[in-house]
Amino acid sequence: MTVRTRFAPSPTGYLHIGGVRTALFNWLYAKKHGGQFILRIDDTDAERNRPEALQPILDGFQWLGITWDEGPGIGGPHGPYFQAERGNLYRDAAMKLLESGHAYPCYMTKDEIDVLRKQAESAKQSYVHRGKDRTLSPVDAVRLFKEKPASIRLKVPENRTVVIDDQISGKVEVQTNTINDPVILRSDGSALYNFATVVDDIALKITHIIRAKEHLSNTPPQVLIYEAMGVPPPVFAHVPVVNAPNSNKKLSKRDAHKFVTPEVIALLRAVHAVPADWTDEQIKKNETLNPVMVEFYRVMGYLPEGLINYLGRLGWSLDDKTEIMPLETMIANFGFDRVNQSPASFDPQKLLWVAGEYAKSAPLERKIDGVIPILQRAGLVGATPDRDRIAKVVTACGDRLKIFADVLNYAAFFFRDPQYDPKAVKQRLHKDGMPEALREFAEVLKSTEPFDVPTLEAKLHAFSEAKQIKGGDLNHALRVASTGVMVGPGVFECLVIFGKKETLRRIEAAFTLPHA
RNA sequence: GCCUCCAUCGUCUAGGGGCCUAGGACAUAGCCCUCUCACGGCUAAGACAGGGGUUCAAAUCCCCUUGGAGGUACCA
């Protein structure tokens, strides 16, 4: 039997980090066993879903390389893959359960149920719903339902223990006496999640249900539905949830705005991810550009493999020391035995480190491609950028580029005039004797040939030795004069990229800077 | 309230009775490298929630307490 796993996102317009991690585990498990990964769209909740909100989710998966074997865009033998289009299947399944005596139409009103619930509460007992119509014979139930439609509830068997052999949580036992007769079909004929998901998982021949731990308590009623439908339940694996950074609270969409800190806002503005005239409040309200969503990392220039690697290691481990591993290793070794039982906090700092590790080994062309849109958004290069020059800049930046947005921190001055940092000017450029030394060294630069790193380096050494000044000081002054800031790639690398003429122009311009 | 699940450094984790005076990684601090920053190297600090058992031996098994999470919907 081939392994079939699935992920069922709601089309909400954005892809949540926690959801991606769950999807990834499903995908890894399917890949590892040569099976299929299915994407099913959970769009039954009409109020919450907007049809146009599906594309960003598909785009997110595509960016990450999480491919699906059946689902939106490609179809498959068990479609449709949109739950909203499967309503009749749910109704048919519910009718079958009615006919087989596993379900009943519940004619009790909300008020009646409330009275019972209150009674139970005042007696300090928990209320477990058992509709009074559950004793109807199947024939009567069907007849009655046809005459007078109502919600349909599953008949939960009495005095039994439902055992779930969860691949991650272990054996979980629940007494049926604590489970309400769940509504499986609303009085308007639409299906409830617990029912729709089981009907679909059966139809799609899902063999392994890998989902977030929060669904563990949904599982016993679902197992009962499988039973009522006469189908053996699939294997369950409930993955612990992803918590917010440094927190023991679930990373949720609801709290997403909390992660849009002043630093994040500054970051988003820096990479021009949001229109310049947006207020902080508007940025906070934006749902997609938020550190809880994958789109944020795409915009900031994270390598998708890095995100995958990080997410794969969140709640799962290969061994006692491996942090960075190629996807093939992850696929070859993924298993429930090494998935943790407790929640894991999402750590943006560690993600950044992982991203940096991937950036180190990324091919130059990839980095150029990654950096261009960011430079374009910042208005630093045009529609047809000079790839050769960007290649030089990216090479000069080296390991400093952990994410592509870093290009703005380290290399913006290559694409515009220096913006002089007052502190740098004061400390480095206007240090005692430096302006004079720099002026003399500029003369040396004029005659420097070839204008390359070794020659420049040798000239500076010779000059500072002859003038009895610290090479470092001259170096710093040269950096500030030509780049405006204290940090960046090696000075000589910068000068070579500028070229002699531009270098001299920048130094000359720096002499006009006022003293503090 | 009731039901279910969870509990090792700030964070991600290794650990499934003796290899543990608890290992690795991120972050933090210091030193080294160095023209700055980043990278790299070295070092430091930092955890078995508490209490009972079981055992010659417990981070590891059992129980209780505490803490946390999720559920308890004609939400998903």
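Just so it is clear: chains get the letters A, B, ... in the order the sequence lines come, proteins before strands, and each one is counted from 1.
Here A:E457 lies out of heavy-atom contact (under 4.0 Å) with every strand. When heavy atoms are screened at a 4.0 angstrom cut-off, A:K321 is found touching the sugar-phosphate backbone but no base atom. Contacts of A:G398 with the nucleic acid, taken as non-hydrogen atoms under 4.0 Å apart, are absent. Nucleic acid contact class of A:G471 (heavy atoms, under 4.0 Å, all strands): none. Nucleic acid contact for A:P489: base, since at least one base atom lies under 4.0 Å from a heavy atom of the residue.
Regarding contacts with the backbone of B:A69, a side-chain N or O of A:K249 is found under 4.0 angstrom from either OP1 or OP2. Taking 4.0 angstrom as the limit, A:Q349 places none of its side-chain polar atoms (N or O) nearer than this to OP1 or OP2 of B:C26. Here A:N340 reaches the OP1 or OP2 of B:A14: one of its side-chain N or O atoms lies under 4.0 Å away. Contact annotation: A:R153 side-chain N/O to B:C74 OP1/OP2 distance is under 4.0 Å. At least one side-chain nitrogen or oxygen of A:K402 sits closer than 4.0 Å to the OP1 or OP2 atom of B:C39. OP1 or OP2 of B:A14 lies within a sub-4.0 Å distance of a side-chain N or O belonging to A:S317. The shortest distance between the side-chain N/O atoms of A:K470 and the OP1/OP2 oxygens of B:C35 is not below 4.0 Å. An OP1 or OP2 oxygen of B:G16 is reached within less than 4.0 angstrom by no side-chain nitrogen or oxygen of A:R338. A sub-4.0 Å separation between OP1 or OP2 of B:C12 and a side-chain N or O of A:S345 is present.
Nucleotides B:G23 and B:A47 have their C1' atoms positioned 12 Å apart, rounded to a whole Å. Taking atom P on both nucleotides, B:C39 is separated from B:A25 by 15 Å, rounded to a whole Å. When the C1' atom is used for both B:U60 and B:G18, the distance is 11 Å, rounded to whole Å. Atom name P, nucleotides B:U54 and B:A45: the rounded distance is 37 Å, in whole Å. For the C1' atoms, the distance from B:G10 to B:U72 is 34 Å, rounded to whole Å. Rounded to the nearest Å, the gap between the P atom of B:G40 and that of B:A27 is 9 Å. Taking the P atom of each, B:A22 and B:A58 are spaced 16 Å apart, rounded to whole Å. Spacing of C1' atoms, B:A44 relative to B:C9, comes out at 14 Å, to the nearest Å.
No hydrogens or angles were tested; on distance alone, a donor-acceptor pair under 3.5 Å links the side chain of A:K350 to the base of B:C12. For A:N218 against B:A76, a side-chain-to-base donor-acceptor contact under 3.5 Å is present. With hydrogens and angles ignored, no donor-acceptor pair under 3.5 angstrom links the side chain of A:E121 to the base of B:G1.
Note on A:E305 versus A:R366: salt bridge recorded, some NZ/NE/NH1/NH2 to OD/OE distance being below 4.0 Å. The pair A:E357-A:K360 meets the salt-bridge criterion, since a charged nitrogen lies less than 4.0 angstrom from a carboxylate oxygen. With salt bridges taken as basic N to acidic carboxylate O contacts below 4.0 Å, one links A:K250 and A:E214.
In this structure, A:E214 places its CD atom 14 Å from P of B:A69, rounding to the nearest Å. To the nearest angstrom, C1' of B:C39 lies 13 Å from CG of A:D406. In this structure, CG of A:L352 is placed 12 Å from C1' of B:A38, rounded to the nearest angstrom. Following rounding to the nearest Å, A:E493 (CD) and B:A38 (C1') show an atom-to-atom distance of 13 Å. Regarding A:K171, its NZ atom lies at a distance of 19 Å from the C1' atom of B:C6, rounded to whole Å. In this entry the distance linking NE2 of A:H215 with C1' of B:G70 reads 11 Å, nearest Å. Separating the OH atom of A:Y358 from the P atom of B:C26 is a distance of 15 Å, rounded to the nearest angstrom. Counting to the nearest Å, the P atom of B:C12 and the CG atom of A:N243 are 8 Å from each other.
Using a 4.5 Å cut-off on side-chain heavy atoms (C-beta onward), A:K213 and A:H238 make contact. Within the 4.5 Å cutoff, the side chain of A:D255 has no heavy atoms near those of the A:K249 side chain. Counting heavy atoms from C-beta outward, A:P157 and A:L224 have side chains that approach closer than 4.5 Å.
For B:G16, there is no paired nucleotide, since no Watson-Crick or G-U wobble pair has both relevant distances below 3.5 Å. Pairing partner, B:C42: B:G30, with both Watson-Crick or wobble hydrogen-bond distances short of 3.5 Å. Pairing of B:C5, defined by two Watson-Crick or G-U wobble distances under 3.5 Å, is identified with B:G68. Nucleotide B:U36 is matched to nothing when pairs are restricted to Watson-Crick or G-U wobble geometry with both distances under 3.5 angstrom.
Nucleotides of RNA chain B nearest to A:Q175 and A:L401 differ in position, and the one nearer the 5' end is that of A:Q175. Two residues, A:S342 and A:T322, neighbour RNA chain B, and the one matched to the more 5' nucleotide by heavy-atom proximity is A:S342.
Residue A:V174 has its side chain nearest to B:U4 when only B:C74, B:U4, B:U36 are considered. Comparing atom distances between the A:P343 side chain and each of B:C35, B:A27, B:C6 picks out B:C6 as nearest. Here the side chain of A:D42 is nearest to one of B:A38, B:A76, B:C12, namely B:A76. You'll find that the side chain of A:N180 is closest to B:U72, out of B:U72, B:C37, B:A7. Ranking B:U13, B:C39, B:C35 by closeness to the A:D399 side chain, first place goes to B:C39. Closest to the side chain of A:S187, out of B:C74, B:U4, B:C35, is B:C74. The side chain of A:V172 lies closest to B:U4 when the candidates are B:C37, B:U4, B:A25. Closest to the A:M486 side chain, of the nucleotides B:C35, B:U36, B:A76, is B:U36.
Here A:F346 and A:Y310 bring their ring centres to under 6.0 angstrom of each other. Checked against a 6.0 Å centroid threshold, the rings of A:Y358 and A:Y302 do not count as neighbours. Between A:W316 and A:F334, the gap from one ring centroid to the other is short of 6.0 Å.
You cannot call A:H238 stacked on the base of B:G70; the centres under 5.5 Å and planes under 30° rule is not satisfied.
In this structure, A:T176 contributes its side chain and A:R160 its backbone to a donor-acceptor pair below 3.5 Å.
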